[in-house]
Amino acid sequence: MATPWLLVFGDSLSFHGPDGGCPSDEPRLWPNVAARELGGSADLVAGIGWTARDLWWSLTGDPRVWAELHRADVVVLAVGSMDTLPSPLPTYLRTGLRYLRPDGLRRVVRKAYLAAQPRLSVAFRGRPAVLPPRLTARYLDTSASALRTLRPSLPIVGWLPSVHRAASYGYVHTAREETAAGIAAWGRKAGVPLLDLPAVVGAHVLGGHGNADGMHWGWEGHEAVGRAMASLIAPLLADAGAATPARGRAGT
């Protein structure tokens with residue numbers, strides 16, 4: 001008997017727990033909680049700091065993803081939160097620090113940037129963000145359109161960006177509201193159901209119950225998000241008939 005298979009595109013919120021990053025098969029991570037609630041399984045395609053643009057790059061550039069898209073019962077676009085973070089340096093410069101050589105220079109420059117980031121985030125009032133809100137909505141729309149071209153009846157869901165209390169960003173989150181509004185407008189227009197992430201996990205994060213970094217979640221947060229996401233997905237699977245003997249993995 002086939003079981004629902006969730007293909008989740010995410011950022012570090014999908015694989016970091018209270019003490020840091022975890023393997024994607026850690027059962028307490030929210031994608032696995034959601035899949036378990038639905039009686040299925042989840043595959044996670046994600047990276048640290050991933051934005052809606054990284055989602056698009058993954059869809060267009062990763063042949064493993066191309067194969068999985070033919071078998072998925074639902075796709076979850078769990079990106080957008082990192083798009084809202086302050087980025088005092090342009091993204092191409094900030095991400096390019098890893099390529100500096102020699103190693104000693106890279107370490108010195110990276111340490112200096114990390115020390116300056118909270119102050120610059122406050123000084124620039126959270127601007128610019130990692131990705132402008134209009135681009136977040138555009139990449140989500142382009143990605144969903146591509147998915148529907150490949151699989152017209154494939155259920156797609158997303159979420160609104162999370163909140164943070166991260167000292168590393170000077171506790172600044174100016175761009176979140178505009179990005180959330182843009183994603184919400186896109187979701188309504190595109191017919192993509194969205195999980196209100198702050199409503200589910202906001203008190204957990206802002207109350208200091210998650211990771212000490214003030215951004216990622218504790219296991220209670222993952223459990224709450226996983227259950228809420230399963231509730232959002234369940235009617236879509238029922239409508240698509242994906243919860244009964246459809247595709248699933250070979251051998252399930």
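For the single chain, residues carry numbers from 1 onward in sequence order.
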task = Answer yes when Asp103 and Arg106 have at least one side-chain N-carboxylate O distance shorter than 4.0 Å, and no when they do not.
result =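 Answer for the salt bridge query: yes.
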
ask   = Do Arg127 and Glu178 meet the salt-bridge criterion of a basic N to acidic O distance under 4.0 Å?
value =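 Salt bridge between Glu178 and Arg127, a charged N being under 4.0 Å from a carboxylate O: yes.
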
request  = Determine yes or no for a side-chain-to-main-chain donor-acceptor pair under 3.5 angstrom, with His173 supplying the side chain and Val163 the backbone.
outcome  =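 Looks like no, no N/O pair under 3.5 Å.
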
task = Kindly say whether Val122 contributes a backbone atom to a donor-acceptor pair with the side chain of Arg125 at under 3.5 angstrom?
result =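 Checking the backbone N and O of Val122 against the side chain of Arg125, no donor-acceptor pair under 3.5 Å is found.
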
Would you check if [X] and [Y] make a side-chain contact, meaning some heavy-atom pair closer than 4.5 Å?
| X | Y | value |
| --- | --- | --- |
| Ser41 | Trp5 | yes |
| Leu105 | Val109 | yes |
| Met82 | Met215 | yes |
| Leu69 | Leu147 | yes |
| Val75 | Leu154 | yes |
| Ile233 | Val76 | yes |

task = Quick one: which residue pairs count as a ring-ring contact (aromatic ring centres under 6.0 Å, His included) with a foot in residues 84-130, not counting sequence neighbours?
result =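 Every pair satisfying ring-ring contact (aromatic ring centres under 6.0 Å, His included) with a residue in residues 84-130: there are none.
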
key: Atom of Arg227, atom of Glu223 and distance for their closest heavy-atom approach   =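 Scanning both residues, the minimum pair turns out to be NE-OE2, 2.7 Å.
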
ask   = Honestly curious: do Trp219 and Leu13 fall in one hydrophobic cluster under the side-chain, below-4.5 Å linking rule?
value =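 Yes, Trp219 and Leu13 fall within the same hydrophobic cluster.
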
request  = Answer with yes or no whether the hydrophobic clustering places Leu120 together with Tyr171; edges join I, L, V, M, F, W, Y residues whose side-chain heavy atoms lie under 4.5 Å apart.
outcome  =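 Leu120 and Tyr171: separate clusters.
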
